[in-house]
**Q** 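Take this structure first; my questions come after.
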Number of protein chains: 2
Amino acid sequence: MAVTLKDIAEKVGVTESTVSRVLNGIPKASKETREEIFRVAAELGYKPNQIARSLVTKKTHTIGLIISDLSNTYFARVASGIEKIASKYDYSLIISTTGGDEKEELKYINLLKEKQVDGILFASGRMPASCKNLLKETEIPTVVVAREVEEDLPSVHIDNIKESYNAVKYLINSGHHNIAMISGNKDDKESGFYRIQGYKQALKDNGLKIRDDLIVEGDFKLQSGIEAMEEILKSDYSITAVFAASDQMGVGAIKAIKKAGLKVPDDISVIGFDNNIISLASDPELTTVSQPEEELGWHSMEMLYQVMEGRDLKERKIYLPCEIIERESVRNI
Amino acid sequence: MAVTLKDIAEKVGVTESTVSRVLNGIPKASKETREEIFRVAAELGYKPNQIARSLVTKKTHTIGLIISDLSNTYFARVASGIEKIASKYDYSLIISTTGGDEKEELKYINLLKEKQVDGILFASGRMPASCKNLLKETEIPTVVVAREVEEDLPSVHIDNIKESYNAVKYLINSGHHNIAMISGNKDDKESGFYRIQGYKQALKDNGLKIRDDLIVEGDFKLQSGIEAMEEILKSDYSITAVFAASDQMGVGAIKAIKKAGLKVPDDISVIGFDNNIISLASDPELTTVSQPEEELGWHSMEMLYQVMEGRDLKERKIYLPCEIIERESVRNI
DNA sequence: CAATTTTAGTCAAACGCTTGACTAATTAAA
DNA sequence: TTTAATTAGTCAAGCGTTTGACTAAAATTG
């Protein structure tokens, strides 16, 4: 049987309340009893039962993270960032993965509610209305991570439009005028979608023509990058650069270009997105825009902490900047 | 205020116990009351308070995962595997990262105990005696993942000696006799250490000489692979193959070899370890031994489930097999 | 020195649920 | 028709803490 307050109380000869207060540092005891209580507690190896404590305090010091997929480095790194800050504030982290499925999301919101978590971090799907409503109904403080979300809920993300705009601008500034794009899933209303927008806007603002056959859709994975690049190469050999919406597709593109007998960056430049470790593994090394995954985690958890503490947020929507990492795959012409 | 059993009980006109039993599917009520209770529960949006429930049942349906580092793909994938099985059994997962630090490990074991988790999965450092004792003292079912551990505690891992033996054997079978190794940290008594053993054993069993200057130590990261390879190249140009204890070091090696004006695999073959995505990104693609990370997660959680259910384990120590993935970086001579 | 404040506690309720023991009424069996 | 068994509940204790209200003794103040 686990040691309880009662055991200590009996042994010392005081009531549980006294023991409780002493152990919580409330100075309502003589020096002697205090010392005796600490002594006995240590001797018995007392560990407070947080469940019992939570029942009365209505705080679990636990937060729930609803996330798509831990085996994806991107999400794993934001989870890692979250965990670090949570731990700093003495919060535990319950992680639930959903694969972006709405049913799962709903299920886990309910579960977390039942577990009485003090807050929820949502880094999963596109946050359907059902989730938003449920979240609102449960009244648990929530912040959304790395996902676009209309209105109300506090959130932290990167500005996909702006950052891909910058990537393409970088290509343009390097003298490229014929720029293809390998996009992610076009219709997910998320990064895949927004990055195309940034690409188009950059072309437009610089008087370049948007050619739809030069935007080919991948699925963010390496193989799709190879296939997409092959298709681009088929349709138009005159391009001098390509913007890939992920590093995996970027290195896929490099592979395809090399296989076609062309050189990177001499014949075709490529820029990726993510700054995944694989951008360093490819040959040539991939120039890319780095996403601050860990920082996304940090900020979201800091933000959640603020709202759990009942403080007002200065900003309810935070955009973290990305950075272009110049390596070997883009040539100045 | 949250809806409680009492609210339902009052509204229906029965006692809390009846409501409790009905909601838990214990058939001690008439069809009418049962239906009425479900109706009212739904109407009020009742969600059971698991904290209160846990206090009496002494089960939290939560398990704790103590892990080194989530931003490391290897551990992230193990965690992902664990989460999937945990979720299958309706267990929640509290994740704590330690960076392999013993103090942190101890801290989290205590914390998890206080949170009354039903079980612990330990995938962190080398499991110092202090942890083992604490774990034993807390009496929480525990299984160790991906870490060597002497005796008692159930565990699941890969056999590092055997698998690296096989990798080197594969090189030997391909006709190589002069094989260097880029190892991980030599003295960690973990994978770094054991993989060297496997390498040595394979050489020995095949009548090849072990030359200590051909084993150079890295830290599993890409950059260290480059440096290690440069050193090897300096000391001996006659080698025809190198075994890298990680894929990152493997692609580092490839980079260094290419920079030295040599070709992979024509001049020097290289084999890695992990089957990380970067093995696909490199040029040439890296032949490697794939580790079953997700499966490590699955099995450990399945095992933990068995012991939480009080069942006896058929095997207390499970080794999962790896597989050699043949790609482009090894030549047959 | 009486009045007040402080100190060092005690007592009991409460948090929301489960569960064993009990009861009254109904149904089935003999 | 009496007895036994089943059904549909109720009652109250208990899980391990916290916490507001209370009290008796000691210390401080005017």
Side-chain angles (χ1 to χ4, degrees), chain A residues 1-38 40-41 44-62 110-118 138-139, chain B residues 1-38 40-41 44-62 110-118 138-139:
Chain A
M1 268 295 79
V3 184
T4 71
L5 282 187
K6 200 169 158 200
D7 299 322
I8 301 179
E10 278 170 4
K11 194 141 184 184
V12 176
V14 292
T15 60
E16 298 171 48
S17 13
T18 302
V19 178
S20 170
R21 288 193 241 256
V22 167
L23 259 22
N24 285 306
I26 294 164
K28 252 199 173 185
S30 67
K31 198 156 183 235
E32 299 83 58
T33 25
R34 246 183 300 151
E35 278 169 0
E36 182 64 1
I37 285 172
F38 280 121
V40 173
L44 262 35
Y46 172 72
K47 308 242 160 59
N49 181 327
Q50 299 292 353
I51 294 290
R53 182 198 294 248
S54 292
L55 187 57
V56 13
T57 62
K58 298 185 163 315
K59 291 262 157 274
T60 52
H61 261 253
T62 302
N110 276 317
L111 179 67
L112 292 173
K113 166 78 177 176
E114 294 185 356
K115 296 232 165 181
Q116 315 293 125
V117 297
D118 298 338
T138 60
E139 295 183 318
Chain B
M1 269 296 79
V3 184
T4 71
L5 281 188
K6 199 170 157 199
D7 300 321
I8 301 178
E10 277 169 6
K11 194 142 183 182
V12 175
V14 292
T15 58
E16 298 172 47
S17 16
T18 302
V19 178
S20 170
R21 286 194 242 256
V22 166
L23 259 22
N24 285 307
I26 295 164
K28 254 200 171 182
S30 68
K31 198 159 183 233
E32 298 84 58
T33 24
R34 246 184 300 151
E35 279 169 359
E36 181 64 1
I37 286 172
F38 281 121
V40 173
L44 263 35
Y46 173 73
K47 307 242 160 60
N49 181 326
Q50 299 293 353
I51 294 290
R53 184 200 291 250
S54 292
L55 187 56
V56 14
T57 61
K58 301 188 162 313
K59 291 259 158 276
T60 51
H61 262 255
T62 301
N110 277 316
L111 179 67
L112 292 173
K113 167 77 178 179
E114 293 185 357
K115 296 232 165 182
Q116 315 292 127
V117 297
D118 298 338
T138 61
E139 295 183 318

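Just so it is clear: chains get the letters A, B, ... in the order the sequence lines come, proteins before strands, and each one is counted from 1. Keep in mind that the numbers below use all heavy atoms, side chains included, and drop hydrogens, waters and symmetry copies.
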**Q** Under 4.5 Å between any side-chain heavy atoms of B/Lys115 and A/His61, yes or no?
**A**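 A side-chain contact under 4.5 Å exists here.
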**Q** Which pair of heavy atoms, one from B/Thr60 and one from B/Gln116, lies closest together, and at what distance?
**A**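 Nearest pair, atom of B/Thr60 first, then B/Gln116: OG1-O, 2.8 Å.
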**Q** Spell out, as yes or no, whether a donor-acceptor pair under 3.5 Å connects the side chain of B/Lys11 to the backbone of B/Ala41.
**A**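 No; zero donor-acceptor contacts below 3.5 Å.
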**Q** Take nucleotides 10-18 of chain D nucleotide by nucleotide from the 5' end and write B, S or -, depending on whether a protein heavy atom sits under 4.0 Å from the base, only from the sugar-phosphate, or from neither.
**A** BBB-BBBBB
**Q** Can you confirm whether B/Ile8 sits close enough to B/Leu44 that some side-chain heavy atom of one is under 4.5 Å from a side-chain heavy atom of the other?
**A**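 Heavy-atom side-chain distance check passes, below 4.5 Å.
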**Q** Mind grabbing the angle between the end helix axes of the helix from C/dC1-D/dG30 to C/dA30-D/dT1? Five pairs an end, 10° rounding.
**A**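 The angle separating the two end axes equals 40°.
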**Q** Report the distance from atom NZ of B/Lys59 to atom C1' of C/dT19, rounded to the nearest whole Å.
**A**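 Distance check: B/Lys59 NZ to C/dT19 C1' gives 16 Å.
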**Q** Work out which heavy atom in A/Asp118 is nearest to a heavy atom in A/Lys58; give both atom names and the distance.
**A**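 Looking at all heavy atoms of both residues, the closest pair is OD1-O, 4.4 Å.
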**Q** Atom NZ of A/Lys115 to atom P of C/dC17: distance rounded to whole Å?
**A**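 So the NZ-P distance, A/Lys115 to C/dC17, works out to 15 Å.
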**Q** Give each protein N/O atom lying under 3.5 Å from an N/O atom of nucleotides 24-28 of chain C, with the pair distance.
**A**
none

**Q** Using a heavy-atom cut-off of under 4.0 Å over every strand shown, decide if B/Thr33 touches base, sugar-phosphate, or nothing.
**A**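 Sugar-phosphate contact only.
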**Q** Starting at CD1 of B/Ile26 and ending at P of C/dT18, how long is that distance when rounded to a whole Å?
**A**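 To the nearest whole Å, that distance equals 8 Å.
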**Q** Indicate yes or no: at least one non-hydrogen side-chain atom of B/Ile37 is less than 4.5 angstrom from one of B/Leu23.
**A**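 Yes; the side chains approach each other to less than 4.5 Å.
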**Q** Write down the distance between CD (A/Glu114) and C1' (C/dC17), rounded to a whole number of angstrom.
**A**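 Checked: the CD to C1' distance equals 13 Å.
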**Q** Looking at side-chain heavy atoms only, is the closest gap between A/Thr33 and A/Val14 below 4.5 Å?
**A**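 Yes. Closest side-chain heavy atoms under 4.5 Å.
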**Q** How long is the span from the CG atom in A/Asn110 to the NZ atom in B/Lys47, to the nearest 0.5 Å?
**A**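 If we round to the nearest 0.5 Å, A/Asn110:CG and B/Lys47:NZ are 4.5 Å apart.
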**Q** Which heavy atom of B/Leu5 sits nearest to which heavy atom of B/Tyr46, and what is that distance?
**A**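 Shortest heavy-atom separation between B/Leu5 and B/Tyr46 comes out as CD2-OH, 3.5 Å.
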